[in-house]
Amino acid sequence: MTSATPETDEPLDFDRDPGAASGELVQLSPLVRRLIAGNGGPMTFTGTCSYIVGRGKIAIIDPGPDDPGHVERLLSAIAGETVTDIVITHTHRDHSPAARALKAATGARIVGCGLHRPARELLLGEINPLDAAADRGYAPDLIMAEGNAVSGPGWTLEALETPGHTANHLAFALPEESTLFSGDHVMAWSTTIVAPPYGSMVAYMASIEKLRGREDRLYWPGHGGPVREPQRFLRGLVQHRRLREAAILSRLQAGDETIAEMVPPIYQELPPRLIGAASLSVLAQLEDLVERGVVICDDGAPLLASRYRLA
């Protein structure tokens with residue numbers, strides 16, 4: 001494990017201020033409005049943030065879950081305007097399903113990430129516990145890649161490939177305001193879940209490093225309020241993952257061999273409903289450690305039920 005350096009030794013201060021209630025349209029900046037869907041919960045905080053970009057001819061980023069009420073509120077918020085693009089960061093069911101109803105109502109094209117896909121293939125005997133979270137009905141009119149952009153009067157949305165939370169995750173820069181729509185890759189209220197086989201810790205950390213090379217002044221995430229000091233927050237995320245890695249190595253050194261043994265001491269006072277997500281996060285870290293040769297998986301391949309030991 002690489003120890004933290006002064007540059008990355010940054011406290012990770014979460015901002016859990018809900019900011020606005022679901023269903024309330026808020027003008028965030030001259031170019032950006034936000035409407036939060038009513039799907040709050042332990043994995044979505046106060047709900048999915050749908051963003052309206054521009055005036056007159058507009059884009060909508062992440063229209064949210066299959067919720068007719070939320071779609072109706074979005075349509076009411078943009079009455080008299082023309083939606084040119086429905087932009088999707090990734091294909092979880094809390095972000096993309098409403099795109100179909102919105103397209104039917106407005107005629108706008110669906111653009112953004114590619115189809116839902118795993119970061120790696122399922123291993124022998126492995127099942128995907130989060131498969132139900134995938135939006136299999138997602139059908140984009142235009143798949144965007146790194147550097148591709150859509151635009152309207154006074155606004156541009158440029159795609160950045162940011163895999164990690166999902167293999168197909170995109171963020172979108174709004175250069176006119178030096179801001180970034182970060183989807184679920186970076187959020188102020190919590191770290192994102194990285195859950196194999198659809199998530200990859202190696203890809204997630206590489207995407208963090210990509211964002212550290214940028215100069216966006218503010219992030220608008222898929223859940224919760226803005227990330228107001230992106231570079232400081234990214235340093236905190238790096239430190240957080242290094243500390244989590246250190247905790248896993250410490251548990252292995254103490255004699256723990258399974259993820260089920262590691263999770264309770266690492267995630268103390270964790271609500272029972274989040275044990276599954278925490279277990280997948282530990283698996284993602286162990287995949288990385290095994291790939292780097294720091295940890296050995298005695299069962300041949302890193303799985304939730306595998307046994308692990310220090311190399």
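- In this structure, CG in Leu304 is found 5.0 Å from CD1 in Ile259, a value given to the nearest 0.5 Å.
- Among Thr48, Asp184, Thr166, Asp135, the single residue meeting the side-chain hydrogen bond (donor to acceptor under 3.5 Å, both in side chains) criterion with His95 is Asp184.
- In this structure, CZ on Phe233 lies 12.0 Å from CG on Leu211, to the nearest 0.5 angstrom.
- Listed for the His70 side chain is a donor-acceptor partner under 3.5 Å among the backbone atoms of Pro63.
- A distance-only check finds no donor-acceptor pair linking the side chain of Arg212 to the backbone of Gln231 [under 3.5 Å].
- Checked by atom type and distance alone, the side chain of Gln239 never pairs as donor or acceptor with a backbone atom of Arg235 at under 3.5 Å.
- Using a 4.0 Å cut-off between charged nitrogen and carboxylate oxygen, Asp298 and Arg307 do not count as a salt-bridge pair.
- A donor-acceptor pair is defined here as one N or O able to donate and one able to accept, closer than 3.5 Å; no such pair exists between the side chain of Glu177 and the backbone of Leu174.
- Distance alone, capped at 3.5 Å, is enough to place a donor-acceptor pair between the Ser207 side chain and the Ala203 backbone.
- Salt bridge Glu287/Arg120: present, at least one basic N to carboxylate O contact under 4.0 Å.
- A side-chain contact (heavy atoms from CB on, under 4.5 Å) with Asn168 holds for exactly one of Ile143, Thr91, Ile88; it is Thr91.
- Distance check: Phe181 CZ to Cys49 SG gives 10.5 Å after rounding to the nearest 0.5 Å.
- Without hydrogens or angle criteria, Lys210 side chain to Met205 main chain gives no donor-acceptor distance under 3.5 Å.
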Original post:
Given Val111 and Ile86, is the side chain to side chain contact (heavy atoms under 4.5 Å, CB included) satisfied, shown in steps?
Top reply: CA-CA 6 Å; Val111 306; Ile86 303 164; over 6 Å; no

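- The number of heavy-atom neighbours closer than 6.0 Å to CD of Gln27, taken from other residues, nucleotides and ligands shown, is above 12.
- Salt bridge Arg109/Asp85: present, at least one basic N to carboxylate O contact under 4.0 Å.
- With Ser151 contributing its side chain and Trp155 its backbone, the two residues share no donor-acceptor pair below 3.5 Å.
- Remark: Arg100 does not engage Asp66 in a salt bridge, criterion side-chain N to carboxylate O under 4.0 Å.
- Here the OG atom belonging to Ser190 is positioned 12.5 Å from the CG atom belonging to Asp15, to the nearest 0.5 angstrom.
- Between the CG atom in Leu243 and the OG atom in Ser250 there is a gap of 12.0 Å [rounded to 0.5 Å].
- Heavy atoms only, all atoms of each residue included: Gly54 and Arg33 are closest at O-NH2, 3.0 Å.
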**OP:** I would like to know whether His185 and Tyr204 meet ring pair (Phe, Tyr, Trp, His ring centres under 6.0 Å); could you show each step before the answer?
**Re:** CA-CA 8 Å; His185 183 58; Tyr204 169 80; 5.2 Å; yes

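- A salt bridge is defined here as a Lys NZ or Arg NE, NH1 or NH2 lying under 4.0 Å from an Asp or Glu carboxylate O, and Arg214 with Glu158 fails to meet this definition.
- Checked by atom type and distance alone, the side chain of Glu146 never pairs as donor or acceptor with a backbone atom of Leu160 at under 3.5 Å.
- Note that Arg244 lies in the cation-pi zone of Tyr267, set by a 6.0 Å cut-off to the ring centre and a 45° limit from the axis.
- With hydrogens and angles disregarded, no donor-acceptor distance shorter than 3.5 Å links the side chain of Arg242 to the backbone of Leu237.
- In summary, of the residues considered (Ile78, Val53, Thr84, Thr82), a side-chain contact (heavy atoms from CB on, under 4.5 Å) with Ile58 occurs for Ile78 alone.
- Ring centroids of Phe14 and Trp189 are separated by 6.0 Å or more, keeping the two rings apart.
- For the pairing with His223, the side-chain hydrogen bond (donor to acceptor under 3.5 Å, both in side chains) check across Asp62, Asp94, Thr46, Asn39 returns one residue only, Asp94.
- Put simply, OG1 on Thr179 and CG on Leu28 are 10.0 Å apart, with the number rounded to the nearest 0.5 Å.
- Hydrophobic clustering, with ILVMFWY side chains joined whenever heavy atoms are under 4.5 angstrom apart, keeps Ile60 apart from Val26.
- A salt bridge links Glu245 and Arg292; the closest N-O separation between the charged side-chain nitrogens and carboxylate oxygens is under 4.0 Å.
- Here the two rings, on His92 and His116, have centers that are under 6.0 Å apart.
- No side-chain donor-acceptor contact under 3.5 Å links Glu215 and Ser178.
- With hydrogens and angles disregarded, a donor-acceptor distance shorter than 3.5 Å links the side chain of Ser306 to the backbone of Leu303.
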